[in-house]
Amino acid sequence: MIDLIFPDGSKRSYEAGATGRTVAASISPSLEKRALLAKLDGQLFDLDRPLPRGGAIQIVTRDAPEALEVIRHDTAHVLAEAVQELFPGTQVTIGPNVEDGFYYDFARDEPFSLDDLPVIEKRMREIVARDEKITREEWDRDAAIKHFRDIGEAYKAEIIEGIPAGEPITVYRQGEWKDLCRGPHLPSTRHVGQGFKLTKLAGAYWRGDHRNAQLQRIYGTAWASEADLEAHLKRIEEAERRDHRKLGAAMDLFHIQEEGKGMVFWHPKGWTLYRTLVDYMRRREAEAGYLEVKTPQILDRSLWERSGHWEKFHSDMFVCETDEGETLAVKPMNCPGHIQLFNHGQRSYRELPLRFAEFEGLHRYEGSGGLHGLLRVRGLAQDDGHIFCREDQIESETRDFLKLLNRVYADLGVELHSVKLALRPELRAGTDEMWDMTEAMLERAARAVGLEFDILPGEGGFYAPKLEFHLKDAIGRTWQCGTLQLDMVMPERLDATYIGEDGQKHRPVMLHRAIFGSIERFLGVLIEHHAGAFPLWLAPVQAVVATITSDADDYAFAAAAAMRKAGLRVETDLRNEKVGYKVREHSLAKVPVIAVVGKREAEEGKVALRRLGSAAQQIVSLDEAVRTLVEEATPPDLRPAPTPSPAA
RNA sequence: GCCGCCUUAGCUCAGCCGGUAGAGCGGCGCAUUCGUAAUGCGUAGGUCGGGUGUUCGAGUCACCCAGGCGGCACCA
């Protein structure tokens, strides 16, 4: 007998061998009908699998989040079955869930084409209609390896070899088809439902390693109902409208062309936005004790050899040769340059922490397939900074940096998606002892300030472990923006020293840090985040003064001049068009304020303000309009501090 | 760099089974002076990403190259 405790706290005993289904049936026939899985002490079980022990039981139905995960995974299995029916000889590999769906990787000599997807999808719907029963079997390890080898499934055999001894080898049978899988699964294919769609086709390396064979990946999305699927597809469609590449063109911000792939041509409006953002950061950093510097774009190979870039980062660098036989490299990072500044003259412990900031351009030779609008470019600039300090200053510097980062993200209205701690990569400079130390110190500092993060082994920079601050784009992909890296390697390689209190030479620790990361990338995220509708202080064109009739032209000119004099970025629209037309055009261009002036306003010295996204008009005197707009257009760091509330 | 797809006027897109390119928007001109998301009429724009080939004939078929898009790898 086993004892089960239900979510409502009640307890019942069942005979050994009871399954989720028998438990559900014992409660009500309708629950049995809706039951998909059993959850015992938090672990999901196939509905027809005997429960191995007593515990807290829950019958999982279609509307539960756990059910959706299993539905997605089973859809991947149905996909694999359909593919193997339609394309004999195709090997299956793995098919995990991803956000909103799943994929399955196949090994097949012939490439799949996009035209195959509807055909595969049709067969999948047939398999669902066949209502194939899904059953679990435990196999003997050697027999399983032999079986999968015999039927030509080399990848599956390889997976089994990697399963630790002692773990059961489970095979799920689904009609005539079977697959190695940990499970759990739905009772039968009917429960997959019709709320799925195959979405894209891609190449992907076996086990994520480019030295391995490239497999063919089919992505799909799956939902508990067709309505949920429709809603999801609609969300994607809406998100695509926020794409910074489309908005960048519509708002005349920038473009990229063939002759400079990954290199941005910033248009006047885009550059205004860029400068506004960087000016803001300059003030924030100055306030936080950073000293802005500028170091050379191109430096001799010998420096890059000493820093380690030549050896570890060479394939990412643009290199040039002079007629005199020198080899130079365009800087991909500012750190070696900043160490040259640190090393110029003798440094005292009294100067530490010394914080350098730089906004100059960098160039990195990114693989052609990875370029992506502003989010992944070859020519970029960072809000780069390097802090030289003593070990005992690491924690307070980390704390101050995180405070600044949070302040900036809050001012700009972006939301931190996640934080990762990336540890030593395979290809690295420095000794293991150094890595042991820097990893431990960075993690300790991060924990000391209460940061929550995931650990990414093998993903650190070649010279230092790093904290990565990730932001999300319109369609949910995450991008590393801010970073904090704790480096003992570079100061040693480039021999940075300071004179300590004891009169001896000491090695400083170097913190590499950025809040935007790449300014280009950050702007891309920012454009998508605001869907182009920037707060007034960031908007490249803050207001357009638009006339109703040409009688108001002179007044419109004067009004615009008054606004410009007050520091606002203003354009005039005196074209011979109807106001409705002008309002529409500037609204589509995401101009935050349209100041409409007609005969009435001209006579009375007023303007009719219309805010983006609202049809309401606010008729105020020109003076008042200038005053309110100037106040609203003040960058967050220049706003008067809120009056402190009286001490409680 | 790898896999799949795409590449036609400034922009968005039509162009069936190969017979020497169309629309809307935008631009320009004229008329209209019209109160808050598209005023009317007229007009000029392309040789169909680049190249090679098949063919009497290619935007339309084949191959190669480039760029872009979605992934993978790499990475801010």
Side-chain angles (χ1 to χ4, degrees), chain A residues 98 103 105 111-117 199-219 240 243 245-246 249-250 256-262 313 315-316 332-333 362 364-378 380-384 422 425 427 459 461-462 466 468-471 475 477 479-483 485 512 514 516-522 524-525 546-553 575-589 594-601 608-610 612-617:
Chain A
V98 291
Y103 66 77
D105 284 347
F112 288 117
S113 111
L114 228 39
D115 298 334
D116 294 327
L117 295 190
T199 52
K200 49 200 175 190
L201 205 53
Y205 301 102
W206 169 237
R207 294 193 189 276
D209 189 329
H210 70 279
R211 289 166 298 197
N212 289 339
Q214 189 163 38
L215 307 170
Q216 300 188 64
R217 176 171 298 181
I218 298 177
Y219 280 94
E240 279 167 0
D243 191 315
R245 291 161 301 193
K246 285 188 185 151
I256 296 170
Q257 64 190 45
E258 279 195 31
E259 295 86 342
K261 50 180 180 159
F313 207 70
S315 59
D316 290 282
M333 298 180 190
L362 305 173
R364 297 179 184 180
Y365 190 83
E366 298 290 343
S368 59
L371 300 175
H372 185 96
L374 293 180
L375 298 180
R376 187 83 183 270
V377 293
R378 286 179 173 170
L380 62 135
Q382 291 181 314
D383 60 320
D384 205 4
L427 186 70
E459 304 265 312
F462 75 80
K466 60 179 179 180
E468 303 179 347
F469 299 86
H470 289 252
L471 303 178
I475 62 172
R477 292 175 296 206
W479 299 86
Q480 181 193 321
C481 290
T483 182
Q485 309 173 12
H512 306 241
F516 296 149
S518 147
I519 297 166
E520 282 73 9
R521 171 177 293 181
F522 191 84
V525 170
T547 51
I548 295 173
T549 69
S550 54
D551 292 343
D553 284 3
R575 289 175 305 169
N576 179 16
E577 298 289 352
K578 293 193 166 190
V579 232
Y581 179 87
K582 296 184 183 182
V583 165
R584 179 184 150 81
E585 256 203 351
H586 299 121
S587 299
L588 289 175
I594 303 172
V596 178
V597 295
K599 219 185 272 181
R600 276 208 303 274
E601 286 77 11
L609 300 182
R610 184 197 161 109
L612 181 59
S614 158
Q617 297 173 51

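A note on names: the letters A, B, ... follow the listed sequences, proteins ahead of strands, and every chain is numbered from 1. Just so it is clear, the model here is predicted, and its values are computed rather than measured.
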Is any side-chain N or O of A/Arg217 closer than 4.0 Å to OP1 or OP2 of B/G4?
-> no
Per the O4'-C1'-N9-C4 / O4'-C1'-N1-C2 angle with a 90° window around 0, B/G51 comes out anti
Report which part of the nucleic acid A/Ala202 touches: base, sugar-phosphate, or nothing (heavy-atom distance under 4.0 Å, all strands).
-> base
Distance check: side-chain N/O of A/Arg364 vs OP1/OP2 of B/C74, anything under 4.0 Å?
-> no
side-chain N/O A/Arg521 vs B/C75 OP1/OP2, d < 4.0 Å = no
Just call it for A/Tyr205: base, sugar-phosphate, or nothing, with non-hydrogen atoms closer than 4.0 Å on any strand.
-> base
Just jot down the side chain to side chain contact (heavy atoms under 4.5 Å, CB included) partners of A/Lys599, sequence neighbours excluded, or say none.
-> A/Asp551, A/Glu603
Sugar-phosphate, base or nothing in reach of A/Arg207, heavy atoms under 4.0 Å = nothing
Per-nucleotide pairing state of RNA chain B [Watson-Crick or G-U, under 3.5 Å; [ ] pseudoknot-crossing; | other strand] | (((((((..((((.....[..)))).(((((.......))))).....(((((..]....))))))))))))....
Side-chain N or O of A/Tyr103 closer than 4.0 Å to phosphate OP1/OP2 of B/C3 = no
Look at the side chain of A/Glu585 and the base of B/A37, then say whether one donor and one acceptor between them are separated by less than 3.5 Å.
-> no
Give a yes/no on whether any side-chain N or O of A/Ser113 is located under 4.0 angstrom from OP1 or OP2 of B/G4.
-> no
Any A/His372 side-chain N or O less than 4.0 Å from OP1/OP2 of B/G70 | yes
B/G35 phosphate, OP1 or OP2: any side-chain N/O from A/Lys582 under 4.0 angstrom?
-> no
According to a strict under-4.0 Å criterion, is A/Arg211 in side-chain N/O contact with OP1 or OP2 of B/C72?
-> no
Identify whether any heavy atom of A/Arg600 sits under 4.0 Å from a base atom; if not, whether one sits that close to sugar-phosphate; answer base, sugar-phosphate or nothing.
-> base
Under-4.0 Å side-chain N/O to phosphate OP1/OP2 contact, A/Lys261 with B/G67 | yes
